Trainee: 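Provided herewith is a single structure, encoded as structure tokens, for subsequent inquiry.
For the numbers below, each heavy atom of this structure counts, side chains included, while hydrogens, waters and symmetry mates do not. So you know, we letter chains A, B, ... as the sequences are listed, proteins then strands, and number each from 1. It should be emphasised that the depicted structure is a prediction, and the values quoted were computed from it without experimental measurement.
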Amino acid sequence: MSAATETPDRIGAGARLPRYALWGGAVAVLAVCAAYSLGVGRYPISFERVYGILVSHLVPIDTFWSVSDQRVVELIRAPRVLLAVLAGTGLAVAGATLQGVFRNPLVGPQIIGVSSGAAFGGALAILLFSGTSAILGLAVAFGLAAIALVYWMSRIAGRNPVLMLVLSGVVVSAFFAALIALIKYVADPDDKLPAIVFWLMGSFATATFEKLALVAPPIVVASLLLFAMRFRINVLSLGDEEAEGLGVRVEASRWFAILCVTVITASVVAAAGIVGWVGLVVPHLARMVVGPDHRLLIPASALVGGVYLLVIDDVARVATASEIPLGVITALIGAPVFAILLRKTQGSGWKHD
Amino acid sequence: MIEAEKLGFRYGGADWIFRDHSFRLPRGAITAILGPNGRGKTTLLKCILGLIRPTEGRLVVDGVTGYVPQNLQSPFPYKTFDIVLMGRARHIGFFRHPTRADHDAARDAMARLSILDLADRPFDRLSAGQQQLALIARALASRCDLLVLDEPASALDFRNQAKVLQALARLSDETGLTVVFTTHAPQHALSIAQSALLMFGGSTYRHGSVDATVTDENLEALYEIPVRNLSFQHDGRNVRTVAPVLV
């Protein structure tokens with residue numbers, strides 16, 4: 001028992017102060033990135049002016065910026081930047097949750113079919129109706145339908161749910177991809193087709209405060225619920241029988257988590273189209289910093305995800321004369337980053353099942 | 001305390017894995033479950049844990065059960081302390097996370113097994129013996145009255161077998177913990193258990209004190225090879241062990 005008396009009180013709790021400083025620093029980085037992103041684009045605005053415009057809302061100061069500066073920052077870029085942060089944090093939290101709940105670091109919202117389902121719902125909404133609320137409604141509905149299909153398929157096949165889950169995701173994704181192709185085929189090539197195609201490639205360019213008001217509540221609420229159940233995600237990540245033996249209602253907990261993930265993913269798809277790879281790559285980056293414990297991983301993924309999508313959206317805006325679709329960049333960056341991670345982090349960040 | 005009356009289990013319409021098993025395991029006792037592979041040892045444990053429902057019969061399990069699996073494979077390299085902390089899950093609400101009291105309970109459990117020094121090491125890097133002790137600590141952290149272990153010493157070398165068995169004997173002795181474990185080694189039953197349950201498959205079983213059940217005849221019937229109880233002197237004590245006749 002001598003070991004017990006000599007051991008400091010804080011085993012497993014970590015040192016308190018530096019940890020708070022670290023989180024504060026990470027939030028500050030996100031805030032600075034967001035402010036910086038307000039100035040970036042075809043119409044560049046210096047950081048001082050952006051800062052001035054922001055501060056003028058809190059304290060009255062002399063304007064040293066033009067009216068168009070203010071319009072661009074407040075009406076065009078502010079909703080866009082907020083949507084990028086929201087989508088990044090949401091998708092990253094969703095990805096981290098899925099990887100934990102399914103005990104597999106290779107799953108993400110895209111791989112298990114939620115994205116394709118939601119994309120089909122959105123494309124159908126554009127074809128039949130117009131307006132963001134229809135897109136949101138159908139994206140969520142078909143996102144849920146997709147995950148329900150995947151879950152049902154991987155359950156009846158029995159023994160190896162993780163492998164079955166990923167395979168079922170591939171099947172469901174292919175099915176919805178075919179339906180999307182069908183919609184594109186029947187869509188009016190002058191009007192609906194380009195709208196569907198550009199929407200699917202992913203972009204924050206069409207962000208407005210109205211759109212934000214529509215998708216922010218579901219994303220924020222679902223993310224906070226997942227954040228609140230982060231310890232439960234740890235327990236679920238030990239496996240079904242383990243978690244049940246520890247007194248956790250596995251089925252109910254997992255469905256609840258999947259429901260939250262679906263709401264987040266479908267909402268992001270509704271607002272910005274398919275923004276792939278974020279939910280898969282960002283949790284890995286976060287895991288390299290804070291380790292596998294979901295109590296730290298979920299908030300860390302949220303912060304890294306926000307910064308990640310902000311930077312990617314900035315690149316989309318300035319890399320070429322016209323905007324590059326977001327989905328293209330996330331895949332161009334995400335795929336090689338993920339390939340490198342796969343090779344480098346084997347055995348340290350996570351292990352094969 | 002565990003009380004089983006005419007307990008039976010089978011999957012669907014398949015053959016009975018075990019049937020008509022009646023036994024009473026008193027509070028504070030250590031019971032070893034012996035039997036060849038596939039005679040329902042683990043299935044019985046799962047029934048006791050409430051993971052599966054017995055097909056027939058009555059099973060009363062009094063108190064909180066703590067489960068110690070044979071091994072734990074997680075794709076995520078959690079710290080050992082975090083693994084132990086997860087033993088508190090049943091006391092932590094859906095949207096809550098461990099409080100200071102939960103941390104204390106986990107630390108306490110690790111201290112009781114003298115493995116506090118492993119707290120910050122990744123669980124998957126521990127030796128098999130250390131992992132087993134950590135999993136026992138995790139069960140203790142749940143403040144269980146009944147410890148259920150699936151082959152706790154099967155994959156361990158002699159020294160670690162002794163360590164794990166001694167830890168179990170000490171815990172039961174000090175705190176009145178009821179312990180049930182399955183094993184392929186009858187000498188584990190002889191070393192720490194007071195009672196043994198021999199599962200022959202179907203509705204054949206023996207239950208009673210270790211001395212009365214772990215006999216040459218019963219073991220030979222159980223494993224279908226010659227088995228001998230041996231005793232010898234060690235440190236002035238009479239020690240009993242079991243040896244299979246392998247040639």
Trainee: Please determine whether a side-chain nitrogen of the Lys or Arg among D293(A) and R295(A) lies less than 4.0 Å from a carboxylate oxygen of the Asp or Glu.
Mentor: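 R295(A) and D293(A): salt-bridged.
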Trainee: With only heavy atoms counted, which part of R96(B) is less than 4.5 Å from chain A, the side chain, the backbone, both or neither?
Mentor: backbone
Trainee: May I ask you to say whether K46(B) pairs ionically with E241(A), meaning some side-chain N is under 4.0 Å from a carboxylate O?
Mentor: yes
Trainee: I'd like to know if R19(B) pairs up with E56(B) as an ion pair, taking the criterion as any Lys NZ or Arg NE/NH1/NH2 lying under 4.0 Å from an Asp or Glu carboxylate oxygen.
Mentor: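 Yes, R19(B) and E56(B) are salt-bridged.
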Trainee: At a 4.5 Å cut-off on heavy atoms, which part of E242(A) comes close to chain B: side chain, backbone, both, or neither?
Mentor: side chain
Trainee: Most heavy-atom pairs under 4.5 angstrom with chain B, which of G247(A), G245(A), A228(A)?
Mentor: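 The option with the most such pairs is A228(A).
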Trainee: Check each atom of F227(A) against the heavy atoms of chain B and say whether the ones under 4.5 Å are side chain, backbone, both or neither.
Mentor: neither
Trainee: So for R230(A), is it side chain, backbone, both, or neither that comes closer than 4.5 Å to the heavy atoms of chain B?
Mentor: side chain
Trainee: For side chain to side chain donor-acceptor pair (under 3.5 Å), just list the numbers for Y78(B) and S237(A), CA-CA rounded to whole Å, side-chain angles, deciding distance to a tenth of an Å, and then say yes or no.
Mentor: CA-CA 10 Å; Y78(B) 291 118; S237(A) 78; 2.6 Å; yes
Trainee: Taking every heavy-atom pair that is under 4.5 Å apart, which of P98(B), P69(B), P122(B) has the most such pairs with chain A?
Mentor: P98(B)
Trainee: Looking at V148(B), I83(B), L49(B), L72(B), which has the largest count of heavy-atom pairs under 4.5 Å with chain A?
Mentor: L72(B)
Trainee: Taking side chain as everything from C-beta outward and backbone as N, CA, C, O, which of these in V248(A) sits under 4.5 Å from a heavy atom of chain B? Side chain, backbone, both or neither.
Mentor: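 It is the side chain, since no backbone atom gets that close.
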Trainee: Between chain B and each of R249(A), R232(A), M229(A), count heavy-atom pairs under 4.5 Å; write down the option with the most.
Mentor: R232(A)
Trainee: Identify whether the distance between the nearest side-chain nitrogen and carboxylate oxygen of D62(B) and R27(B) falls below 4.0 Å.
Mentor: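 Result for this pair is yes, salt bridge flagged.
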Trainee: Strictly below 4.0 Å, N to O, side chains only: are K41(B) and D150(B) in salt-bridge contact?
Mentor: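 Salt bridge flag = no for D150(B) with K41(B).
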Trainee: Is the NE2 atom of H97(B) crowded by more than 12 outside heavy atoms at less than 6.0 Å?
Mentor: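 No, not enclosed.
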